[in-house]
J.: 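The structure under discussion is supplied below as structure tokens; questions concerning it will follow.
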Amino acid sequence: MKCTNKSAFVSVVGRPSTGKSTLVNRICGHKVSIVARSPQATRNAVRGIYTSGNIQLVFVDTPGFHTSERRFNRYMTKLITESFVDIDIVLYLIDLSRPPGPEEEALRRLVAPFSDRLVVALNKSDLGVSPAPHLDALKRLVVKDRILRISAARGDGVEKLLAVLADLAPAGDPFYPEEFYTDQDPEFRVAEIIREKAIHRLRKELPHSVYVEIADMEESENGRELWIRAFLLVERESQKGIVVGKKGAGVRDIRVKAQRELEELFPHKIHLDLRVKVSREWRRNEHLLRRLIR
Ligand SMILES: Nc1nc2c(ncn2[C@@H]2O[C@H](COP(=O)(O)OP(=O)(O)OP(=O)(O)O)[C@@H](O)[C@H]2O)c(=O)[nH]1
Ligand SMILES: [Mg+2]
């Protein structure tokens with residue numbers, strides 16, 4: 001007997017730093033989305049693809065949901081809500097290490113209309129914190145079989161979560177070939193890896209103030225080398241010095257680490273030319289904001 005194919009788009013939502021990207025990377029078996037200790041690491045709806053047997057789940061990793069009214073955050077919230085259009089399953093991730101508050105309440109309101117296709121994952125179970133403060137409100141939202149405890153970092157409970165998601169997935173053929181684990185274009189992936197290295201280095205000083213622009217990417221004629229020219233954009237002149245560092249040590253460190261990771265990802269020797277440029281208030285610049293969303 002032939003198994004029916006099942007496929008679903010799964011939107012992963014939650015407050016900043018709940019572990020959405022960590023989970024998507026674990027499920028897809030590759031680094032699809034960047035992870036950072038500072039919130040708002042993810043700024044785009046990044047897709048990670050999981051295929052096993054006759055099931056394909058396409059995870060849409062969204063930026064952390066924020067109630068703040070700043071324009072930048074409003075933009076991100078719009079992106080999350082838009083990610084629900086045509087979505088088969090909403091996976092709502094909660095960070096057990098933080099108590100529920102008004103932001104969690106706002107998120108529950110946001111996902112409530114999708115309760116028939118909602119799954120809740122209580123993440124960071126490895127920290128041993130009780131889920132009790134979250135449970136009453138969640139049980140009003142969704143049946144208890146769809147509330148799971150997981151650790152995205154360690155992998156605990158992830159198989160069970162996948163089984164619940166697969167169960168909810170509608171019948172349908174795969175959207176992508178089996179060997180795909182992301183649909184992101186190479187330029188975007190390069191920019192994200194550079195941004196991750198920058199965030200890690202500048203965690204204390206400028207966690208959110210860096211944007212990466214790829215000026216060009218060119219493969220050598222023999223196909224063995226890849227030349228990348230990129231800019232790290234900061235908002236103010238004063239931030240430029242922080243990123244560049246003493247005698248250029250800061251930007252060099254970001255370049256070397258990004259280059260190393262890019263060489264794992266691409267079958268090329270990578271030559272990365274990375275420079276720092278001031279682009280005044282890119283956060284409020286509509287053109288750039290639009291470019292953040294692909
Ligand atoms: N202890 C523990 N830490 C975790 C777990 N999952 C993620 N983290 C950590 O939580 C932090 C945030 O993880 P991310 O995956 O970047 O979180 P996110 O929800 O994608 O964050 P944004 O994109 O900023 O909204 C990182 O320091 C992760 O290492 C987990 O299961 N247990
Ligand atoms: Mg993320």
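Whatever order the structure lists them in is the order used to number ligands and atoms, beginning at 1.
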J.: Examine the proximity of ligand 1 to T18 and report which part, side chain or backbone, both or neither, has a heavy atom under 4.0 Å away.
T.: both

J.: Taking N or O atoms only and a 3.5 Å limit, does P16 qualify as a polar contact for ligand 1?
T.: no

J.: Numbering the atoms of ligand 1 from 1, which are under 4.0 Å from a heavy atom of L127?
T.: 1 (N)

J.: Looking only at non-hydrogen atoms, which of K124, K20, R26, E196 approaches atom 18 (P) of ligand 1 most closely?
T.: K20

J.: Tell me the contacting part of D95 for ligand 1: side chain, backbone, both, or neither, using a 4.0 Å heavy-atom threshold, strictly below.
T.: neither

J.: Please list, in number order, the atoms of ligand 1 under 4.0 Å from a heavy atom of A152.
T.: 6 (N), 31 (O)

J.: For the residue pair Y176 and F9, does the interplanar ring angle fall in the parallel (under 30°), tilted (30 to 60°) or perpendicular (over 60°) class?
T.: tilted

J.: Between R154 and ligand 1, does any nitrogen or oxygen pair lie at a separation below 3.5 Å?
T.: no

J.: Cut-off 3.5 Å, side chains only: do Q56 and T51 have a donor facing an acceptor?
T.: yes

J.: Side chains of D173 and N5 only: does a donor on one sit below 3.5 Å from an acceptor on the other?
T.: yes

J.: Can you list the atoms of ligand 1 that are under 4.0 Å from a heavy atom of D126?
T.: 1 (N), 2 (C), 30 (C), 31 (O), 32 (N)

J.: For D61, is at least one N or O under 3.5 Å away from an N or O on ligand 1?
T.: no

J.: Considering the options R252, K197, R201, H200, which one meets the side-chain contact (heavy atoms from CB on, under 4.5 Å) requirement together with K257?
T.: K197

J.: Are E237 and K240 close enough that some pair of their side-chain heavy atoms sits under 4.5 Å apart?
T.: yes

J.: Any ion pair linking R47 and D183 (charged N to carboxylate O, less than 4.0 Å)?
T.: yes

J.: Give the atom numbers and elements of ligand 1 that come within less than 4.0 Å of a heavy atom of A153.
T.: 5 (C), 6 (N), 30 (C), 31 (O), 32 (N)

J.: Taking the non-hydrogen atoms of G14, is any one of them nearer than 4.0 angstrom to ligand 1?
T.: no

J.: Counting C-beta onward and ignoring hydrogens, is there a side-chain heavy-atom pair between Y92 and V119 closer than 4.5 Å?
T.: no

J.: Strictly under 2.8 Å, is the Mg ion (ligand 2) approached by any N, O or S atom of S21?
T.: yes

J.: Using a distance-only test with no angle check, is there a side-chain donor-acceptor pair under 3.5 angstrom linking D156 and S151?
T.: no

